[in-house]
Enquirer: 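Handing you this structure, nothing more for now.
If you're wondering where the values come from, they're calculated on a predicted model, not measured in any experiment.
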Amino acid sequence: MTTPMLERQINFLDYTLSSLWRKRYKNIAVVLVFAAVIFLLASFQLVSNGLLERAQTALVMAPEILIQKMVAGRQESIPVAYAERLQGIFGIRQVTPRVWGYYFDEVTLANYTVIGRDQVAGGSDDQLTQVLADGRLPAAVGETVLGQAVFRTKGLQDQRVFSLFRPDLSLKTLTITGLFKKESNLLTDDLIVLSLADSRDLFGLPPGLASDLMVSVANPREIGTVAKKIAAALPGTRVLTRPQIEKTYHMIFGWRSGFASVCLLAALAAFFILSWDKASGLAPEERREIAILKILGWQTADVLLVRFFEGAVVSGGAYLLGCTAAYIHVVFFGSSLFLPVLAGWSVIRPDLHLVPAIHLADLLLLFCFTVMPYLAATVVPAWRCASLPSATALQGG
Amino acid sequence: MLIELEAITKIYNQGQANEVQALTDVSLRVATGSMLCLRGASGSGKSTLLGIIGCVFPPTSGRAAIAGKQLARLPDRFLTLHRRETIGFIFQRFNLLPSLTVLDNITLPLLPMGVGPRERKLRAQALLAQFDIQHREKFPAGQISGGELQRVAIARALIHDPPIILADEPTAHLDSRLSREFMAIMDRLKASGKTIVLASHDPLVTDHPGLDQIMDIRDGRLHVP
Ligand SMILES: Nc1ncnc2c1ncn2[C@@H]1O[C@H](COP(=O)(O)OP(=O)(O)OP(=O)(O)O)[C@@H](O)[C@H]1O
Ligand SMILES: [Mg+2]
């Protein structure tokens, strides 16, 4: 005997939707609570992925060894002349001074990252050159290379020249010699690269000073030893190695996200308890409905299919709703709910604004931890009830 | 013979402490187009016997052939398929789903058969008209009167046009006027060729002139009066 498969499925879906509709207030409430949990989890995931991506791009730009001058526990400008005191240390390939800082543009209300450095053969310019879309890095005073976001927000179309304000509000004019790639790492998006002299001029920094000194070593395995020698040679400085910087990033990240995870786990646990409560006992009306359907010729599988559709519509709807809300929250509202929790990051990058990084694997993970248990909680108890013989419907009712 | 039972026993919870022998050595034959009444006190096994005739569960032992199919040892899946094609049930408390509309209640047996919505509606409306309750089509089943409920329950038993109609104490919750009306409908169904088995101890049913056969059931055994 053949029953048309597709029509059967449509009938069951139809039945599911109309029974969801009959209990619409309850179901909408469930979807909203469920969506809120998924929203929290998904925005957290998006934010932390965005942060991780940021950390990684920052690390790409990090030199092997970084020397900062410390005064009273705070970082201050470092004299370029310190480099001469390192000449005797074996294993150092090069020492290059760097200026970096943030430039707040009053006109566009945007924060730009400014890096001033001089072109040195074999220096850190190699990394920047790789992400250059066209043109060349600034080789002389008065030249600059911009990130795409700077180019866009300043409204530069075909102009090759643009200006920034010095602290005394006089204009400093620069010629654009190149742009960074659109698709390159996020860090270059708001970047302005200048010559050392121009950056000092822009920030009003006296000649002979830099923000930090970047040291490249001949053999990466010697980073640790070289750093120790530098620290001995330059008391009053902080010597950071790339592995250390990496560790710091991961530690801050790990602690912050660990704390947030605990909070989210609590929310998830509450949700599980809720759905378990739903799962542990079918209401008497539900049992009665299943018994009636079965005696009227519904197979156990038919009853379960309806329950499955029901769970899928509720949890799938909540999942889509929660993920979409999380995306909007992160993209359009700057993940305002989460940044306070992850505020440690603003120390590293005060201008932190995240482009959400969507990872399919994370979405799947989230799916497995939310939609799957909900489906199980709706289908399993019905399965236990529906696979019993339908005799109960016979007994008067 | 549409219904043939031979030496049927039914034991609930076999081998357990709460074992109940509900039917013992029941043999029964019902011809197509006839009306049979099973008469017995509460707990005598009427519902159990209707369950076996209605392909709800197989007998523990004995041979049962319903509409040409041997039931013994048939897995639940196939029992359900066979029940879907051959049996229309009318229950003591009607067993309607109170939040569903009358129309949706009546068409429940058609959903797993893959009958589309338009066809379902047409068939249901024909039956509603036949029983004079068209005006209740869109009412939730929880909001109609007892007499209407009873007719909705009959309509649901007929919607898939089964050859056998089973009714378990159908008049237990009806007053005598509705009970007579119910038996009149049974007469009409019998006249249209349906085979009907009723279980009851209500004299309005057991003394009904339209019955072809009446059997007493006591402690799970059948007796011909
Ligand atoms: N699912 C079941 N599990 C265990 N025992 C059962 C089950 N169903 C019925 N019984 C027992 O089997 C016997 C026959 O029950 P059945 O329901 O067939 O009687 P009945 O004549 O329909 O009674 P009533 O008039 O009360 O409906 C009773 O002793 C009853 O307790
Ligand atoms: Mg009974």
Enquirer: Please find out if less than 6.0 Å separates the ring center of F309(A) from that of F12(A).
Expert: no
Enquirer: Checking P98(B) against chain A: side chain, backbone, both or neither under 4.5 Å from a heavy atom?
Expert: side chain
Enquirer: For T300(A), is it the side chain, the backbone, both or neither that has a heavy atom under 4.5 Å from a heavy atom of chain B?
Expert: side chain
Enquirer: Can S43(A) and Y327(A) be counted as having a side-chain donor-acceptor contact under 3.5 angstrom?
Expert: no
Enquirer: In terms of heavy-atom pairs under 4.5 Å with chain A, which of S99(B), C55(B), A157(B), A172(B) leads?
Expert: S99(B)
Enquirer: Between L79(B) and chain A, with a heavy-atom cut-off of 4.5 Å, which part of the residue counts as in contact: side chain, backbone, both or neither?
Expert: neither
Enquirer: Between T195(B), I164(B), I196(B), I66(B), which is the residue that forms a side chain to side chain contact (heavy atoms under 4.5 Å, CB included) with V30(B)?
Expert: T195(B)
Enquirer: Just by distance, no angles: are the side chains of T9(B) and T60(B) close enough, under 3.5 Å, to form a donor-acceptor pair?
Expert: no
Enquirer: Quick check on the interface: out of E289(A), K23(A), Q299(A), who has the most heavy-atom pairs with chain B under 4.5 Å?
Expert: Q299(A)
Enquirer: Between W298(A) and Y15(A), is the gap from one ring center to the other below 6.0 Å?
Expert: yes
Enquirer: Can R93(B) be said to sit on top of F91(B)'s aromatic six-ring, NZ or CZ under 6.0 Å from centre and within 45° of the ring axis?
Expert: no
Enquirer: Under a 4.5 Å cutoff for heavy-atom pairs, which residue among L305(A), D302(A), L296(A), D14(A) has the most contacts with chain B?
Expert: L296(A)
Enquirer: Check each atom of I87(B) against the heavy atoms of chain A and say whether the ones under 4.5 Å are side chain, backbone, both or neither.
Expert: neither
